[in-house]
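Working notes, structure below.
Below, all heavy atoms of this structure are taken into account, side chains as well, without hydrogens, waters or symmetry copies.
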Amino acid sequence: MKKRLKHLFRLALADQAFREAMAMEKHIRSAKLKVGDHVYQSAVAGLVVSYCRPFMSATGLGRIPADFGIFKDTSHSAFFASVHNDLIMMRDKMVAHFDLDYGVGQFTRKRYTLHPGEVGLSLREHGFEVYTNHTTLTRSRLLDVRKLISLQVERVKRAQAECVKSLINSEKTQMGDYIFRLGQPSRRD
């Protein structure tokens with residue numbers, strides 16, 4: 001029972017994280033935020049961190065099952081794996097942390113206009129601007145991300161249904177609301 005509850009808890013947290021990422025992507029589109037704008041950058045950072053959260057280690061809980069990072073159950077497995085891996089890499093190397101070596105590779109591939117070790121300075125008559133590269137998703141890649149997140153939400157729903165069915169079959173459950181707490185007996189409201 002404890003193993004199933006932990007799995008259900010991980011799935012619930014993943015569902016929440018994917019829905020947060022989906023809401024952020026929808027906000028970027030509906031607010032017509034512009035690439036390079038600070039609000040756009042912040043929204044992309046929130047989207048990336050939310051999407052990646054279930055794949056990172058959680059003390060006492062662990063990660064979502066590895067199957068969620070593999071896309072054999074789709075007809076476009078290479079596409080979804082590419083988008084997924086880009087988001088994980090973006091989280092690890094550009095959003096949550098900045099990896100200078102990774103940035104050099106992106107500069108070499110012409111994804112960045114400045115070398116990651118460079119800072120731009122624009123002097124103006126009435127001031128100045130200091131800038132670096134924007135670590136972001138392009139509008140076209142954002143559409144790919146939307147497809148991936150939608151797929152992950154559906155996959156979580158299916159996994160939750162299987163987990164709940166397993167819990168029902170193993171326990172004497174009746175209709176009603178239940179609260180499950182890891183390491184403690186469940187209670188019925």
Side-chain angles (χ1 to χ4, degrees), residues 6-71 74 76 79-107 109-114 116-120 129-160:
K6 221 175 192 182
H7 183 58
L8 185 61
F9 195 17
R10 281 192 294 263
L11 290 171
L13 291 174
D15 184 58
Q16 180 179 337
F18 293 149
R19 288 178 189 278
E20 288 171 4
M22 186 180 285
M24 192 54 70
E25 185 278 331
K26 184 178 180 180
H27 175 72
I28 292 168
R29 275 187 296 116
S30 66
K32 295 181 173 55
L33 300 178
K34 294 184 179 4
V35 176
D37 180 56
H38 290 295
V39 176
Y40 183 92
Q41 301 297 111
S42 299
V44 166
L47 183 157
V48 169
V49 169
S50 290
Y51 175 83
C52 294
R53 189 177 306 122
F55 301 97
M56 302 299 131
S57 183
T59 304
L61 193 59
R63 297 179 173 143
I64 193 168
D67 293 352
F68 283 90
I70 302 168
F71 302 90
T74 72
H76 304 289
F79 166 77
F80 285 119
S82 169
V83 178
H84 170 81
N85 291 335
D86 280 357
L87 291 176
I88 298 293
M89 177 116 37
M90 194 171 178
R91 182 233 174 247
D92 291 348
K93 307 278 186 188
M94 299 187 310
V95 174
H97 314 280
F98 185 77
D99 184 323
L100 189 59
D101 291 338
Y102 176 77
V104 170
Q106 295 303 301
F107 174 72
R109 290 181 197 89
K110 306 216 183 303
R111 183 172 178 186
Y112 288 164
T113 54
L114 293 174
E118 296 175 331
V119 173
E129 178 188 5
V130 178
Y131 58 93
T132 63
N133 292 301
H134 295 290
T135 55
T136 195
L137 293 169
T138 62
R139 284 254 176 227
S140 62
R141 197 55 165 174
L142 205 54
L143 293 173
D144 297 341
V145 169
R146 179 182 349 153
K147 293 173 188 172
L148 172 65
I149 296 169
S150 295
L151 172 70
Q152 294 289 44
V153 167
E154 288 304 313
R155 293 168 95 197
V156 166
K157 273 191 216 172
R158 287 192 304 266
Q160 284 177 329

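- Atom OG of S50 is separated from atom CD1 of I149 by 9.0 Å, given to the nearest 0.5 angstrom.
- Panel note: side chain R155, backbone D67; a donor-acceptor pair is recorded below 3.5 Å.
- The aromatic ring centroids of H76 and F71 lie 6.0 Å or more from each other.
- Between I88 and V48, the closest side-chain pair of non-hydrogen atoms is not below 4.5 Å.
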TODO: Apply the test side-chain contact (heavy atoms from CB on, under 4.5 Å) to residues I64 and L13: give CA-CA distance (whole Å), side-chain angles for both, the deciding distance (0.1 Å), then the verdict.
DONE: CA-CA 9 Å; I64 193 168; L13 291 174; over 6 Å; no
- [ ] Using the side-chain contact (heavy atoms from CB on, under 4.5 Å) rule, take Y40 and L142 through it: C-alpha gap first, then chi angles, then the decisive distance, then the call.
- [x] CA-CA 12 Å; Y40 183 92; L142 205 54; 3.8 Å; yes
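- Considering CD1 of I28 and CD of Q41, their distance stands at 9.5 Å, rounded to 0.5 Å.
- Within 6.0 Å of CZ in F55 there are more than 12 heavy atoms belonging to other residues, nucleotides or ligands.
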TODO: Check the pair L47, H27 against side-chain contact (heavy atoms from CB on, under 4.5 Å), reporting the backbone distance first and the verdict last.
DONE: CA-CA 10 Å; L47 183 157; H27 175 72; over 6 Å; no
TODO: Begin with the C-alpha distance, continue with both residues' side-chain angles, and end with the deciding distance and a verdict on side-chain contact (heavy atoms from CB on, under 4.5 Å) for R53 and Q16.
DONE: CA-CA 10 Å; R53 189 177 306 122; Q16 180 179 337; 5.8 Å; no
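- A heavy-atom distance below 4.5 Å is found between the side chains of L11 and F68.
- Test E25, E20, H84, R91 against Y51 for side-chain hydrogen bond (donor to acceptor under 3.5 Å, both in side chains) and you get one pass: H84.
- Within the model, atoms CG of L61 and NE2 of H7 stand 11.0 Å from one another, a figure rounded to the nearest 0.5 Å.
- Interatomic distance, M22 CE to D15 CG, rounded to the nearest 0.5 Å: 9.0 Å.
- Counting heavy atoms from C-beta outward, R146 and K26 have side chains that stay 4.5 Å or more apart.
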